[in-house]
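Residue numbers start from 1 in every chain, and the chains themselves are labelled A, B, ... in the order their sequence lines are given, proteins ahead of strands.
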Amino acid sequence: MDDFTKNYIDARRKVIAKNFPRLNAKQKEAVMATEGPLLILAGAGSGKTTVLINRIANLMKYGRASDSNELPPDANGEKLDVMRRYLAGDESLKREAEEAAALDPVAPWQILAITFTNKAAGELKDRLNAMLGETAEDIWAKTFHSACVRILRKEAPLLGYPDSFTIYDEADRIAVIKRILKDENMDEKVYPPRWAANCFDQARNRLQTPAMFARAAEKSGDFRMQGAAKLYEAYAKRLMEAGAMDFDDLLYNTVRILREFPEARERYQRKFKYVLIDEYQDTNNLQYMMATLLAGGHQNICVVGDDDQSIYAFRGATIENILSFEDQYDHARVIRLEQNYRSTAHILDAANAVVANNKGRKGKKLWTDAGDGDRITLYIAKNEDDEAQYVVRQVLQAVDRGDNLRDHAVLYRLNAQSRALEQAFLRHGIRPRIVKGNPFFERAEIKDLMAYFFVLLNPADDLRLSRIINVPARGIGNTTVERARGIAEENGLPLFTVISMAEAFPELAKSAGKLKPFVEMMNGLSSTAHNEGLEALYDALLEKTGYAAMLESARTDEAANKLENVRELKNFIVTHVRESGDDTLAGFLDEVSLYTDLQAVDLDENTVTLMTIHSAKGLEFPTVFVVGMEEGVFPSLQAIGESEQMEEERRLAYVAITRAKKRLFLTSARQRMVFGQTAPHRVSRFVDEIPPEHIDRPYSDLKTSAWFDFDDVPEEDAGWSAPAPKRAAPPAPAVRDWQKTRKKTIAPPAPKAAAPAASFHVGDRVEHSAFHAGTIVKMTPMGGDHLVEIQFDAAGLKRLMLKAAARYIKKI
DNA sequence: ATCATAACGCTTTTT
DNA sequence: GCGTTATGAT
C-alpha cells in the first residue's frame, strides 16, 4: 500500500470517527466495523442500541469507508488535504471532508435491522428518524415477524397461500387444535392443546413437514408422538385451507421460500447489503436460518447479543446460535462491550459473580467507572405477606426521602407472586402498575369485532367465522353451524361458501332463512371494506351487525363497559390510520395481529411497576426489588436438578440484578404459599453466589435465618443439589410452623385425601390416568410433600408433586 | 340459551 | 388458592 493510500485511509477514519465523539473505543470499533460477519457481545447496559443506530448512520453516510482499504476513484491529494484541515479544526470544511471520506454510501432500503419486539423496533425507527431524517423511513427496521409478513405478502403464493393470508394468534391456534381433537375423537388429557402446539413449533423449528414428523414419530414408537403427528398434519391442512398462518408459520414459510426458491432468495440477498440482528441470543433455529439466508449474499451480517441474557430457551431460542457464530463464519470479528453505563459496582459485581457459575457462555465481565454505590440489601421475610410489606415499607421510605414511585420496580419469577405485592401496595394507597399480557385485545367484545374484520378480509377463515356467526344472536344455532361445517368438510369448501349457498343443501333448508340475511350483511360490509376507509367500516360494522344495539339494549354495567371498550377500539383505529397513513383493512389487521403488547399506554403514571423478570428485560430502574429469592421459586422447582435449565435460571437472575441502577433489594420468604399450600423455603442459591461483601442484611434478620442453613445436611442424592428438610431437628420457633405444615399435608383432612407418601416407594409400578404405566424412579421429600419422578413407559420421565398427582396415580 | 357448579391445572411467553 | 373452562341442569 502506498503512502498516499495509507494517509487517505487514516484521515478518512478519523473524519468518520469525529461523528461519534460520545462513544467509547469499543463502541466506536463496533460502529466502524461494517464489512463481513461481526459479533457484538453487548453486556447489559452497555449502550448497544446506540451502537446499532450509529452503525446504521455510518453505513448510510460513509458506506464501507471506515472498514475498507479501497479508495474512491476520485481520491486525490486535494481531498486528503481537505480532510486533514478539517481534522485540524477547520469546521468550514466539514461537508467537503465528509464527502471525501465516503465510499459508496448505502441506500436505506439495503439495510435490514431486525429486533424481537415491536417496542424495540419502534424505538430503533424513532431514533433513526431523529438522527437521519425522513430517509430513515426506508430502512427495514422490523421485528422478525413483521419482516416475514412483508416478505410473505409478496411471496406466499409460491407456497400455495393466498397473499391475503391472515395471522392466527396463540388463542386462535389453541382453538384450532381443540377443534381437531374433537373432530378426531382424541382426548385432550392425552394431547393437551398447548403441548401439541409446542410439538408443532419444535417440528417446524427443525424444518419438519407433517410427513417427516410422522415418519420420525413412527420410528420412535412413541404413541403420543404419533398422535401429535396426526394433529400436526390436520393442523397444517386446516390453516392452509383457512389461508392462515400462526406466528411460527411466518418464520417457517419465509425460510422455506428462501431455501426452496433460489430466484426469490437471490433477490433478497442482493437487496440487503447489510443485515443487523438484535438480541441474537434469543433467536431460534428458524430465525437463525432466516438471518443466515438473508445475509448469504453480501455476508455483511452483524449480530448483537448477550449470551448471559438468553432467557427464552423454553420457547425454542438456542444460545448455540451466538456461541457458535465464530465457527459459522471463520473470519468473524468479535467485539465485547463490557463497560456498563447503568449500574454501580456492587450491583455489577454481584451480577458478574452469579453468572460466572454458568459453563455455557462466552465469558464477559461488566465494569463501570460510576463508583461502588450502595451495597445490595437482602431481607429474609417470614412469608410472602411480610415480604410484600417490607417492599412497600422500603418504597415509602424512599419516597419520603424524595424518590419517585416510578423509580421503583418489583420483579418476580412468577406472575402469581404479584398478588401479595399488589395487595400490600393497595393497603398503603398505592396502585401499582402490573405488567402482564395485553388485556385489551383479549376481551371478548374486541375479539368479536376483530373476528368480523378478519372474516371480511378473508372469508375462508372458518375459525373466526364460527366465532361471530351467531354474535349477536341471530338464530343460527349450534346444530346449523355443525351441519354446515360437515358439508364444508365433505366438499372441501370454506364454511362461508357453504352458508352462502345454503339453499343448495337440503340439510340447511330450514336454516336458509336465517343464513341468507347474515351472508348478505357480510357481503355488504365487504364492499364497504373495499370502497371506504376503516373508520366508515367500523361504524358500518357496529350498526349492521347489531353489535352496538345488542350492548346498548342490555343495560347492565357489564354491557356498558363493553361498549366503552368497543369505542376504545375505534380510537385505536383512528390513531392507527393517522400514524401509519394506511387506511386499508389489510394493513390494520397486520398491525394488530403482530402487536401483542399494547401495554405501554400510560407509562408516564407515577407509580411502582410490578412485573416478571422476563418482562423486565431491556428495562432499567433506579431501585429494583427482586422478590422470592428462594429455592423452588427462583430457581424454579422444575429447573432444580436440570443443569441446562438451571443455567437459564441463573441468566434470569443476571437479568434481574442488572435492571437496577442504584439500589437493589433481594428478598426471600422462609415460607410461602404455592398452589394453595404453605411450604418452608430456603434462600436461593443465587444469593449465596453473590460474594458477601456486596450484601447487607438488615440487623433484625440475622438471628432468624440461621435455621435455614442446611449446608450440614447430607445430600440424599447427588443429582439433587437442593435437598429439602427431611429430618426433624431445626430449633424453634420456625420448627413449629414447619411441623404444623407437615402434619397437615402428609395426612390431609380433606375428603379427597391424597394417597399418603408412605404408600408409594421407589421402584413401584404405577398407573397414571393420562400417562399410563410407569415406574417410580425417585422420591424426594419437599416441604411436607414429595416430588415423585416417574419413568412412564410411553410418556417419558415426569416429575410430579405427589399431593397434586395422587388422585391420578394408583399402584399396579 | 344461560347460569351454576365442578373440575382442572399451574413457570417464564418478545411474535 | 384461584382463575379458567367444561358440563350439566333449568
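- Residue contacts for A:Tyr312: at a heavy-atom cut-off of 4.0 Å it reaches a base atom on one of the strands shown.
- Candidate nucleotides B:dT12, B:dT14, B:dT15 were compared by shortest atom distance to the side chain of A:Phe116, and B:dT14 ranks first.
- Salt bridge status for A:Asp282 with A:Arg315: absent, with no side-chain N to carboxylate O gap under 4.0 Å.
- B:dT14 sits 25 Å from C:dG3 when the C1' atoms are compared, rounded to a whole Å.
- B:dT15 atom P lies 9 Å from atom CG of A:Leu594, rounded to whole Å.
- The CZ-P distance, from A:Phe675 to B:dC8, rounds to 16 Å in whole Å.
- Taking atom CG of A:Leu286 as the reference point, atom C1' of B:dT14 lies 16 Å away to the nearest angstrom.
- Stacking between A:Phe314 and the base of B:dT13 is absent under the criterion of ring centres within 5.5 Å and planes under 30 degrees.
- Using a 4.0 Å heavy-atom cutoff across all strands shown, A:Gln287 reaches no nucleic acid atom at all.
- Comparing C:dT5 with B:dT12, their C1' atoms are spaced 23 Å from each other, to the whole Å.
- Distance A:Met646 CE to B:dT11 P: 16 Å, rounded to the nearest Å.
- Among residues two or more places apart in sequence or in another chain, the ring-ring contact (aromatic ring centres under 6.0 Å, His included) test is passed with A:Phe625 by A:Phe665.
- We find that CG of A:Asp282 is positioned 12 Å from C1' of B:dT12, with the value rounded to whole Å.
- Following rounding to the nearest Å, A:Asp248 (CG) and B:dT13 (P) show an atom-to-atom distance of 17 Å.
- Within 4.0 Å of A:Ser636, counting heavy atoms only, lies at least one base atom of the nucleic acid.
- Of the N and O atoms on the side chains of A:Asp246 and A:Tyr235, at least one donor lies less than 3.5 Å from an acceptor on the other residue.
- Not counting sequence neighbours, the partners of A:His576 by the ring-ring contact (aromatic ring centres under 6.0 Å, His included) test are A:Phe588.
- No engagement by A:Gln417 is indicated, since no non-hydrogen atom pair under 4.0 Å with the nucleic acid exists.
- Here A:Phe675 pairs with nothing under the ring-ring contact (aromatic ring centres under 6.0 Å, His included) rule; sequence neighbours left out.
- When the nucleotides B:dT14, B:dT11, B:dT12 are ranked by their closest atom to the side chain of A:Glu649, B:dT11 comes out on top.
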With 3.5 Å as the limit, what N/O pairs link the protein to nucleotides 4-8 of chain C?
| unit_1 | atom_1 | unit_2 | atom_2 | d |
| --- | --- | --- | --- | --- |
| C:dA6 | OP1 | A:Lys178 | NZ | 3.2 |

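- Remark: A:Asn118 is in phosphate contact with B:dT15, judged by side-chain N or O atoms under 4.0 Å from OP1 or OP2.
- Between A:Asn198 and the phosphate of B:dT13, there is no side-chain N or O to OP1/OP2 separation shorter than 4.0 Å.
- Nearest to the side chain of A:Gln638, among B:dT11, B:dT12, B:dT15, sits B:dT11.
- Along DNA chain B, the nucleotide nearest to A:Asn478 and the one nearest to A:Thr283 differ in position, and the one closer to the 5' end is contacted by A:Asn478.
- Whole-Å rounding puts the A:Ile174 CD1 to B:dG9 P distance at 14 Å.
- Taking only side-chain nitrogens and oxygens, A:Ser615 comes nearer than 4.0 Å to OP1 or OP2 of B:dT13.
- Set against B:dG9, B:dT14, C:dG3, the side chain of A:Lys189 has B:dG9 as its closest nucleotide.
- Nearest nucleotide to the A:Thr143 side chain, out of B:dT11, C:dG3, B:dT15: B:dT15.
- A:Phe165 and A:Tyr161 have perpendicular rings, their planes meeting at more than 60° on a 0 to 90° scale where under 30° would count as parallel.
- When the ring-ring contact (aromatic ring centres under 6.0 Å, His included) test is applied to A:Phe634, the partners found at least two apart in sequence or on another chain are A:Phe686.
- With sequence neighbours excluded, the residues satisfying salt bridge (charged side-chain N to carboxylate O under 4.0 Å, His left out) with A:Arg153 are A:Asp590.
- Within 90° of 0 lies the glycosidic angle of B:dT11, which makes this nucleotide syn.
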Which nucleotides of DNA chain B pair, in dot-bracket form (Watson-Crick or G-U under 3.5 Å, | meaning another strand): ||||||||||.....
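- Taking atom CG of residue A:Leu414 and atom C1' of nucleotide C:dC2, one finds them 14 Å apart after rounding to whole Å.
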Report, one line per pair, each donor and acceptor closer than 3.5 Å where one atom sits in a side chain of residues 196-203 of chain A; sequence neighbours left out.
| unit_1 | atom_1 | unit_2 | atom_2 | d |
| --- | --- | --- | --- | --- |
| A:Asp201 | OD1 | A:Arg173 | NH2 | 2.7 |
| A:Asp201 | OD1 | A:Arg204 | NH2 | 2.9 |
| A:Asp201 | OD2 | A:Arg173 | NH1 | 3.4 |

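- A donor and an acceptor atom never sit less than 3.5 Å apart when one is taken from the side chain of A:Arg194 and the other from the base of B:dT13.
- Less than 6.0 angstrom separates the ring centroid of A:Phe572 from the ring centroid of A:Phe441.
- Taking the salt bridge (charged side-chain N to carboxylate O under 4.0 Å, His left out) definition, one finds that A:Arg464 meets it with A:Asp172, A:Asp461, sequence neighbours left out.
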